[in-house]
**Student:** 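Just passing along the structure, written as structure tokens.
Keep in mind it's a predicted model, so treat the numbers as computed, not measured.
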Amino acid sequence: VMGPSHYVAMHNRISVPDATHFATPLGEIKADVEFIAKARKLPFVTHEPAAHAQEHSDQIQLPLIQACLATNIPVVCMVCGQFDAAALLESAAAFRLLLDDRTLLVASSDFTHYGANYGYVPFEKDVFKNLETLDMGIFDLFARKDLPGFIEQLEKTGATVCGRDPLAFLLAMMPE
């Protein structure tokens with residue numbers, strides 16, 4: 001599970017916590033310590049304790065995994081920093097080599113944060129309709145696996161898509 005970093009700036013890095021288990025309201029779920037060891041060999045994968053201290057974006061997905069998939073599958077929680085284009089493609093290609101056909105990668109996002117608190121008020125009328133149009137347009141680019149279009153639309157609209165970095169990382173890992 002890869003979520004965005006809300007509290008710590010991590011340029012071209014992903015942080016994986018030192019954990020053997022994660023506690024959720026549905027009970028413990030074990031960490032995939034073997035995968036974590038392999039991932040940590042990549043130069044952009046690190047352990048930044050501050051990135052996990054208050055972060056919720058990765059672990060919030062764990063109860064859903066437990067309820068919908070299984071309670072006994074090992075997981076890896078990751079906090080994704082902000083990647084520039086070149087590092088994104090290179091890092092995603094290296095990370096993809098760690099995955100197999102039994103791996104599920106969840107990119108955690110709740111899409112656009114709207115309002116003065118987020119510094120994003122591009123429209124004041126028909127807010128819900130406009131937000132839906134904006135987010136669905138961005139999601140459509142994601143669903144079509146259009147990484148350049150996805151990034152271009154984010155930059156063009158200034159949309160505050162929470163999870164943009166994990167989503168872009170996932171897109172960069174996908175085959176044509």
**Student:** Applying ring-ring contact (aromatic ring centres under 6.0 Å, His included), name anything that partners F35, two or more places apart in sequence or on another chain.
**Tutor:** F95
**Student:** CG of L62 to CZ of F22: how many Å apart, nearest 0.5 Å?
**Tutor:** 6.5 Å
**Student:** Quick check: closest heavy atoms across D165 and G81, and the distance to 0.1 Å?
**Tutor:** CB-O, 3.3 Å
**Student:** Can a donor-acceptor pair be found, under 3.5 Å and without considering hydrogens, that links the side chain of H47 to the backbone of V16?
**Tutor:** yes
**Student:** Could you check whether any side-chain N or O of S108 sits under 3.5 Å from a backbone N or O of G3, counting only pairs where one atom can act as donor and the other as acceptor?
**Tutor:** no
**Student:** Roughly how far, to the nearest 0.5 Å, is the CG atom of D101 from the OG1 atom of T103?
**Tutor:** 7.5 Å
**Student:** Please confirm whether the backbone N or O of M10 pairs with a side-chain atom of Q82, one donor and one acceptor, at under 3.5 Å?
**Tutor:**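 Such a contact is found between Q82 side chain and M10 backbone.
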**Student:** Please report the shortest heavy-atom distance between T112 and A159, naming the atom on each side.
**Tutor:**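 Looking at all heavy atoms of both residues, the shortest contact is OG1-CB, 4.0 Å.
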**Student:** Please give me the minimum heavy-atom distance between I36 and A31, naming the atom from each residue.
**Tutor:** CD1-CB, 4.2 Å
**Student:** Check for a donor-acceptor pair, side chain of Q153 on one end and backbone N or O of L141 on the other, with a separation under 3.5 Å.
**Tutor:**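 No; zero donor-acceptor contacts below 3.5 Å.
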**Student:** Looking at CG of L26 and CG of L64, how far apart are the two atoms once the value is rounded to the nearest 0.5 Å?
**Tutor:**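 Reported to 0.5 Å precision, the distance equals 9.0 Å.
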**Student:** With no hydrogens and no angle check, just 3.5 Å: does a side-chain donor-acceptor pair link T46 and E48?
**Tutor:** no
**Student:** If you compare all heavy atoms of Y120 against all heavy atoms of T157, which two are closest, and at what distance to 0.1 Å?
**Tutor:** OH-O, 3.1 Å
**Student:** Any idea how F44 and F169 line up, ring-wise: parallel (<30°), tilted (30 to 60°), or perpendicular (>60°)?
**Tutor:** tilted
**Student:** Considering all heavy atoms of both residues, which atom of D100 and which atom of R102 are nearest to each other, and what is their separation?
**Tutor:** OD1-N, 2.8 Å
**Student:** Quick one: does any side-chain atom of N130 pair with a main-chain N or O of D126 as donor and acceptor, under 3.5 Å?
**Tutor:**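 Here the side-chain-to-backbone pair exists.
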**Student:** Report the distance from atom SG of C77 to atom CD of Q61, rounding to the nearest 0.5 Å.
**Tutor:**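 Going from the SG atom of C77 to the CD atom of Q61 covers 9.5 Å.
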**Student:** Can you give me the closest heavy-atom contact between A51 and V79, atom names plus distance?
**Tutor:** O-CG2, 3.9 Å
**Student:** Has T24 got a side-chain atom pairing as donor or acceptor with P63's backbone, closer than 3.5 angstrom?
**Tutor:** no
**Student:** Stepwise, does the side chain to side chain contact (heavy atoms under 4.5 Å, CB included) test hold for R40 with D18?
**Tutor:** CA-CA 11 Å; R40 286 261 179 86; D18 285 332; 2.9 Å; yes
**Student:** Please indicate whether K30 has more than 12 foreign heavy atoms, meaning atoms of other residues, nucleotides or ligands, lying under 6.0 Å from its NZ.
**Tutor:**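 Counting neighbours around NZ of K30, 12 or fewer heavy atoms of other residues, nucleotides or ligands fall under 6.0 Å, so no.
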**Student:** Using a cut-off of 6.0 Å, state whether more than 12 heavy atoms not belonging to I60 lie near its atom CD1.
**Tutor:**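 Atom CD1 in I60 is not packed in, count stays at 12 or less.
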**Student:** Atom CZ in R96, atom CG in L105: separation rounded to 0.5 Å?
**Tutor:** 12.0 Å
**Student:** Around atom CD of E28, are there more than 12 heavy atoms from other residues, nucleotides or ligands closer than 6.0 Å?
**Tutor:** yes
**Student:** Any chance you could lay out the side chain to side chain donor-acceptor pair (under 3.5 Å) test for E55 and S5, step after step, and finish with the verdict?
**Tutor:** CA-CA 7 Å; E55 191 57 65; S5 179; 4.5 Å; no
**Student:** Atom CD of residue position E90 - does it have more than 12 heavy atoms of other residues, nucleotides or ligands inside 6.0 Å?
**Tutor:**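 Check fails, neighbour count at 12 or below.
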**Student:** Can any side-chain N or O of Y114 pair as donor or acceptor with the backbone N or O of V127 at less than 3.5 Å?
**Tutor:**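 Side chain of Y114 to backbone of V127, a donor-acceptor pair under 3.5 Å: no, none is there.
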**Student:** For the atom pair CG (D58) and CD1 (I14), what is the distance rounded to the nearest 0.5 Å?
**Tutor:** 11.5 Å
